[in-house]
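Count residues from 1 along the sequence. The structure presented is a predicted model; accordingly, all values stated were derived computationally and were not measured.
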Amino acid sequence: MLIYLPKSLRRRLVNTLPSLALAIALGLCTALAYGMLGRGQQWLSLGLGQGLALALWWQGTNIMALALGLIIAPMIVLGDPPLALALGMISTAVVLLAGRGLKMLEFSPQGQRLQDGMVFLLAGVGLGATVTAIAALLLSLWQGDSRTWWTGALAWLGSATGILLATPLLFKLRYGRWTWPWSTQIDRLRWLEALVCTGLLLMLAWLIFAGDDLIPLADRGAIYTQWLEYLPFPIVVWASIRFPVWGGILSTSGLALLAIAATVQGNGSFSVQSADQSGAMILLQMFFLVLGTTSLLLSVAVRERRRTEEQLRGSWERERLLAEVALRVRQSLHLGTIFQTTVTEVRHLLQTDRVYIALLQGNNPLAVVAESSSPAYIAPINTQVAASQKPEEMIIKTIPAEAMVIHHPDQLPKGDPLRRSFLRYQVKSLLAIPLATVDGRLGMIVVHHCQQPRHWQKAEVRLLEQLATQVAIAIQQAQLYQRVQTLNASLEQQVGERTAQLEDKMVELQDLQQMKALFVQAISHDLRTSVMGLLMVLKNLSTTEGETLTLPRHLLDSLIRSGDRQLTLLNALCEEQTAECRPLHLAPQTLQLQPFLQQICRQWRSACEQHQVNLNLKCDETLPPLQGDPHYIKQVFDNLLGNALNHNPPGIVLTLAAQPEGNMVRFTLSDNGKGMAKDQCEHLFRLYLRNRHNQRLTGIGLGCYQSRQIVEAHGGHIGVTSSPGQGSHFWFTLPLAV
């Protein structure tokens, strides 16, 4: 039939059905209490209904449905419509006033604070019972009852007891957590303790409230029978202390159920102490009002203490872990290590499913630099962002100014892009903390909880903010360290370049010093020798009388050789100085060896005769022609012959020989003079060489050095073999004409 009704009406009827079902259930439960307790205990039955209705109203049930349920029960049982309507209105007013009082005093149905227990007793039990008592007084006056104050007292006692027994039990069933630990030895011992406590409580309850042996004891005049109902009291206290809040509520409710059932049937301690059932029920209500109040306050006090201890222990553990994480982060100056350590430790610290760090990359948008995810959620944000390089892929696209805390996706308005991102990445709760320093915001730490919505505690938010501060400082330090490293590397490179330049300058300076020393020594030694010889000849001539002097041929040859020697040394010095700037300019020609060598020997014959040296030439007429520059080749022979004459005593024999050697010609100049040491032979063709046998000859070996350059420029090689007292053997090779 509903399909023919308007849509708005159908929706309203569908939404009303649960409330209507709860109203009927409430009415039936209250009617059952009326039926069990009897007509004389309507106030206790009314209190139980008020307690049930108060718990249902707190959970969001419509007050009109609850009022209907509270009117149904008296209507069924009492059969008096005006009285039933009055009792229903009284109960509805009690529910509204008590509920508003609980909300105003910030009551929490979890019962984790002593304040919650005190507020419930004050606003729920006290205020509700007081309203019921006032209404009962007015109702009694309206009916003309002579026991007005007694009726008000019974109404207050019944309402308070009913609310105290019904409401905490429903609150705990609705908001309590059911856990069945059995994994450790401690859990097994607690279950064993709970079973022992339950068994003792049931045994004492049956003995005191349901046993038939107490009535004969009373008939025999037992004076302590009235105190037997207090035997379960220590068991209830035990349950309240050891198993808060479940132990106190369940033990009190179970004990009350057994006691009420036994007292209604006329059994138990309260029936023994009273002459009628009404007096027994009054004693029962007073007892359970005291017992319920004591167990409730004791349970919430123990629970608050344990919760405080857990919070302190958790706070200490978080502080310890925060210190460890901060230490690990601050010990490293590598940004990758800092980021990965942070996300891993935060995920394990908060027991969550995904943690990532996003940073600003210069002028670019946010980019994920590190992430730690649970294996059950394998949609890494980092991979997707790195692949697409789009900031839209991130859940949060901008750095929040302060901590962003989202407990449930329903906090976000419909159509919000962030809500769509929650669905895409399976996020149920989010916590985002900015990373900021005095210089500005660097990025953010984002925590995702994907299993179910999670209520982020203030301590968790504060912990992550403290860790974010440490991470921001570590990031700044690492960035400064990288800048210092970069500056150091640049400085080292500049120092290396400057050092290399200085070394090059030092080498150039040493070369200049060497050239300077070479020039000075050449002028002061080598050139001095030839100049002194020339001066000796000229001075000898100046002692001759007459204006006209006759110069012998050998003196003329000596003057010419001395001049040639000076010119040769000067040219060699100039060529050495510019050797690195420009190579030797050769003018190769084809030379017939025998005529060329004979001409050299004729030029040196006069000098050999003067030094009493016998010069021999060994050259075959069939030798092929030579390819080379005759000027430079002649200079090599002149240098070698001059050294042989100057560095050997008179009377030696010089042998100049030439013979083919492959495509080269090998020239040798041998003497039978004093010879040279091995190390002297190794350095003969370098600069600054001195003659060990004649310290007066201080020449620098410039001729040998120049000879090596000439031979190597022609593509040949030069060397010497000698030993002291065995003479010297100079050789060099030059290429044949092709």
Chemist: Could you give the distance from CG (Leu430) to NE2 (His408), rounded to the nearest 0.5 Å?
Modeler: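 Rounded to the nearest 0.5 Å, the CG-NE2 separation comes to 13.5 Å.
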Chemist: I'd like to know if the side chain of Ser372 pairs up with that of Arg347 as donor and acceptor (distance under 3.5 Å, no hydrogens or angles considered).
Modeler: yes
Chemist: Would you say that Val94 contacts Ile163 through its side chain, given a criterion of any heavy-atom pair below 4.5 Å between the two side chains?
Modeler: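 Yes. Closest side-chain heavy atoms under 4.5 Å.
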Chemist: Determine the minimum heavy-atom distance between Leu296 and Gly117, stating which atoms define it.
Modeler: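 Looks like CD2-O, 4.5 Å.
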Chemist: List the atom of Gly124, the atom of Leu102, and the distance in Å for their closest heavy-atom pair.
Modeler: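 Closest approach of Gly124 to Leu102: N-CD2, 3.9 Å.
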Chemist: For the pair Gln466 (side chain) and Leu463 (backbone), establish whether a donor and an acceptor sit closer than 3.5 Å, ignoring hydrogens and angles.
Modeler: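 Absent.
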Chemist: For Pro109, check side chain to side chain contact (heavy atoms under 4.5 Å, CB included) against everything at least two apart and list the hits.
Modeler: Trp58, Phe107, Phe171, Tyr175
Chemist: Check step by step if side chain to side chain contact (heavy atoms under 4.5 Å, CB included) holds for Leu202 and Leu258.
Modeler: CA-CA 9 Å; Leu202 291 176; Leu258 292 175; 4.1 Å; yes
Chemist: Measure the CG-OG1 distance between Leu138 and Thr151 for me, rounded to the nearest 0.5 Å.
Modeler: 12.0 Å
Chemist: What distance do Leu250 atom CG and Leu255 atom CG have between them, rounded to the nearest 0.5 Å?
Modeler: 12.0 Å
Chemist: Check for a donor-acceptor pair, side chain of Thr167 on one end and backbone N or O of Leu164 on the other, with a separation under 3.5 Å.
Modeler: no
Chemist: How close do Cys197 and Ala239 get, heavy atom to heavy atom, and via which atoms?
Modeler: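 Cys197 and Ala239 have their closest heavy atoms at SG-CB, 3.8 Å.
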Chemist: When rounded to the nearest 0.5 angstrom, what distance separates OG in Ser251 from CG in Leu201?
Modeler: 6.0 Å
Chemist: Any side-chain to backbone donor/acceptor pair from Asp353 onto Ser373? Under 3.5 Å, distance only.
Modeler: no
Chemist: Would you sort out whether Leu431 and Met404 count as a side chain to side chain contact (heavy atoms under 4.5 Å, CB included), showing the intermediate values?
Modeler: CA-CA 6 Å; Leu431 180 60; Met404 178 185 292; over 6 Å; no
Chemist: Determine whether Val355 and Val346 make a side-chain contact, defined as any pair of heavy atoms from C-beta on separated by less than 4.5 Å.
Modeler: yes
Chemist: May I ask you to test the Leu350-Arg454 pair for a side-chain heavy-atom distance under 4.5 Å?
Modeler: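 With C-beta onward as the side chain, the pair touches.
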Chemist: CD of Gln50 to OG1 of Thr92: how many Å apart, nearest 0.5 Å?
Modeler: 9.0 Å
Chemist: Okay, side chain of Thr61, backbone of Trp57: is any donor-acceptor separation there less than 3.5 Å?
Modeler: no
Chemist: Below 4.0 angstrom, N of the basic side chain to O of the carboxylate: do Glu465 and Lys458 qualify?
Modeler: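 Looking at Lys458 together with Glu465, the answer is no, because their closest N to O distance does not fall below 4.0 Å.
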Chemist: Can you name the closest pair of heavy atoms from Leu289 and Ala160 and give their distance?
Modeler: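 That would be CD1-CB, 4.0 Å.
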Chemist: Side chains of Thr252 and Ser295 only: does a donor on one sit below 3.5 Å from an acceptor on the other?
Modeler: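 There is such a pair (donor and acceptor under 3.5 Å, judged by atom type) between the side chains of Thr252 and Ser295.
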Chemist: Please say whether more than 12 non-hydrogen atoms of neighbouring residues, nucleotides or ligands are located less than 6.0 Å from CZ in Arg305.
Modeler: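 For Arg305, atom CZ is not crowded (no more than 12 foreign heavy atoms under 6.0 Å).
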Chemist: Quick check for you: to the nearest 0.5 Å, what is the distance between Leu97 atom CG and Leu127 atom CG?
Modeler: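 It is 6.0 Å, given to the nearest 0.5 Å.
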Chemist: What are the two closest non-hydrogen atoms of Leu66 and Ala53, and how far apart are they?
Modeler: CD1-O, 3.5 Å
Chemist: Kindly indicate whether the side chain of His448, heavy atoms from C-beta on, has any atom under 4.5 Å from the side chain of Ser429.
Modeler: no
Chemist: Report yes if the side chains of Leu284 and Thr161 come closer than 4.5 Å at any heavy-atom pair, otherwise no.
Modeler: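 Result no, sub-4.5 Å side-chain heavy-atom pair not found.
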Chemist: Would you call Phe120 and Val300 a side-chain contact if the rule is heavy atoms closer than 4.5 Å?
Modeler: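 Not in contact.
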Chemist: Are any side-chain N or O atoms of Arg113 and backbone N or O atoms of Glu304, one a donor and one an acceptor, separated by less than 3.5 Å?
Modeler: no
Chemist: Does the His407 side chain pair with the main chain of Trp456, one donor and one acceptor, at a distance under 3.5 Å?
Modeler: yes
Chemist: Does atom CD (Glu106) have a neighbourhood of more than 12 heavy atoms from anything else shown, all under 6.0 Å?
Modeler: no
Chemist: How would you list, by chain and number, every residue that makes a side chain to side chain contact (heavy atoms under 4.5 Å, CB included) with Leu154, sequence neighbours excluded?
Modeler: Trp43, Trp150, Ile282
Chemist: Decide yes or no for Arg354 and Val447: does some side-chain heavy atom of the first lie under 4.5 Å from some side-chain heavy atom of the second?
Modeler: no
Chemist: Hey, is the main chain of Thr342 close enough, under 3.5 Å, to the side chain of Glu345 for a donor-acceptor pair?
Modeler: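 Side chain of Glu345 to backbone of Thr342: no pair is present.
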Chemist: Under the criterion side chain to side chain contact (heavy atoms under 4.5 Å, CB included), I'd like the reasoning laid out for Met203 against Leu200: C-alpha separation, chi angles, the key distance, then a yes or no.
Modeler: CA-CA 5 Å; Met203 183 180 66; Leu200 289 175; 4.0 Å; yes
Chemist: Do Leu157 and Leu44 touch side chain to side chain, with heavy atoms closer than 4.5 Å?
Modeler: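 The answer is no, as the side chains (C-beta and beyond) never meet within the 4.5 Å cut-off.
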Chemist: Where is the tightest heavy-atom contact between Ala123 and Leu105, given as atom of each residue plus distance?
Modeler: CB-CD1, 4.2 Å
Chemist: Do Leu291 and Phe288 pass the side chain to side chain contact (heavy atoms under 4.5 Å, CB included) test, and can you show the C-alpha distance, the side-chain angles, and the key distance before you say yes or no?
Modeler: CA-CA 5 Å; Leu291 182 63; Phe288 279 102; 4.0 Å; yes
